[in-house]
Amino acid sequence: MKANDKGCVIAMSSMTYALRAEGLLKSRGMRVRIIKLPQGRTKKGCTYGLEMSCVLTGQALLYLNEAGIGYGELLR
Amino acid sequence: MIYFDNGATSLPKPPAVLQAAVRAAALGNPGRGGHRLALEGARLLYKTREELALHFKAPAPENVCFFSGATEALCRVIKSLVPAGGRILLSDMEHNAVRRPALALKKRGVRVEYFHGYGKKEAILSSFERALAGKPDLAVFIHTSNICPQSLPVFELCALCKKRGVLSLLDCAQAGGHLPLPLADLQADGLVLPGHKGLLGLQGGGVLLCSDLLKEALEKADTLVEGGSGSASLEEGMPALLPERMEAGTLALPAIASLGAGVRFVAERGYGAIGDRLSRLCLQCMEGLSVIRGVKLCAPHAQGAGPILFETDFSDNASMAEALSLAGVCVREGLHCAPLAHETVGSARHGGIRVSFSLFNTPAQVDAFLKLLQRETAALY
């Protein structure tokens, strides 16, 4: 996915969990990248998220659940 | 120059450690922004968490929290987990990094209790078992003394804690980098290590490695320090989860990166080789000190690894340490921030002169030091 593509984003609770999730999803062959979400896109303020193609989010959430990695909102 | 004060901070630092710090100093603030340098900083921080979790057998990278040093880590855990009116159990060999935060809790009605941590394993275990019957909220103890060659039977002590449902926290300030400290195998709930001693990193970084149980307890506890965390900034409190919950404000990334490089250096050398080197140096030094007229080895009942403590008959310790320093040998005299331990081993009145080695010291340096000490003491007769 290119930097200017509008994909889907899974919000993460912290940078640590964003990096852990990124490592997991990349190890499963997914193309994801960490982004800082624009102000106002989540209720909690500054947040990092994993940006990926929207068709991958279902599988990504499955992997995160399997690994016990918590996540926040799914933003489209 | 002969440097025998590695118990205070290790010197020299390996070039790889210094290079890691310099590289980290060119990166942005981890978790503060989405630009390339901030992300690179965050990746380096996370990679260090991963490496430490693997090296010390912690459950996951998020069970690794960084602080300004071991002192801050110990203080934060102790003050977070012992409730008003609760109990804390310490050994009588503790450094002020454990003793002082525990004593500060007395103002909140906390009962501070001690077990005997000097001498034979059986006596230590028996004292510990008796003290555990008081059901402390937390047991905190050194792995290895910072004043004498005394180690605690940490495997057994942690197993007893586990059996009685008491959280255990180990102060590994003197043991880190000298021998393996596998959190999972030890059954400890927490290990605290400074980056700048046996792990050969720079001053300014310390680490807490915690079990899932301790992690959960710290996530439930009130925070003691609040500030920026880079995430959930609209919320009033700190983030709910470790490590960010405990890491308010900017971390010392260069020191943390140097800690990671130090751990890699130690792993490459191997704990077998490091332990063997340190043990040989200690034996050589103790044997040499024991035959110098007017020199007395302190803590004669100490059992295990750790620094050597001695005093001389004819000179106060400060004067002798100064004479050694002028002749090019760095040792540390005094109470070594551990008055409780000195009291326990019987050296509280005058303190002692401590010799503490690193893997970079050599038998030739020990010989040179012994000859110098012999010359200095002979001159006083």
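Note that the coordinates shown come from a computational prediction; the quantities given were computed from them, not determined experimentally. As a basis for the values below, the full set of heavy atoms in this structure was taken, side chains included, without hydrogen atoms, waters or symmetry mates. A note on names: the letters A, B, ... follow the listed sequences, proteins ahead of strands, and every chain is numbered from 1.
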So A/Glu22 and B/Arg43, do their side chains get closer than 4.5 Å, heavy atoms only? yes

Between B/Pro239 and A/Ser14, is any pair of side-chain heavy atoms under 4.5 Å apart? no

Considering residues, nucleotides and ligands other than B/Lys163, do more than 12 of their heavy atoms fall under 6.0 Å from its NZ? no

Best-contacting candidate, A/Lys36, A/Met12, A/Arg20, against chain B by heavy atom pairs under 4.5 angstrom: A/Arg20

Identify which part of B/Leu45 has an atom lying under 4.5 Å from any heavy atom of chain A, answering side chain, backbone, both or neither. neither

Do any of residues 24-42 of chain B have a heavy atom less than 4.5 Å from a heavy atom of chain A, and if so, which, in residue order? B/Gly31, B/Arg32, B/Gly33, B/Gly34, B/Leu39, B/Ala42

Spacing of CZ belonging to B/Arg49 relative to CG belonging to A/Leu19, to within rounding of 0.5 Å: 9.0 Å

If we define contacts as heavy-atom pairs under 4.5 Å, which of B/Ala60, B/Ala232, B/Pro61 has the most with chain A? B/Ala232

Check whether B/Glu244 reaches the backbone of A/Thr16 with its side chain - one donor and one acceptor, N or O, closer than 3.5 Å. yes

Considering only heavy atoms, give the residues of residues 57-76 of chain A separated from chain B by less than 4.5 Å, sorted numerically, with 'none' for an empty result. none

Identify the two heavy atoms, one from B/Leu241 and one from A/Tyr17, that lie closest to each other, and give their separation to 0.1 Å. CD1-CE1, 3.8 Å

From A/Ser13 atom OG to B/Arg245 atom CZ, the distance as rounded to the nearest 0.5 Å: 12.5 Å

At a heavy-atom separation under 4.5 Å, does A/Ile35 approach chain B through its side chain, its backbone, both, or neither? neither

Part of B/Pro243 within contact of chain A (heavy atom distance under 4.5 Å): side chain

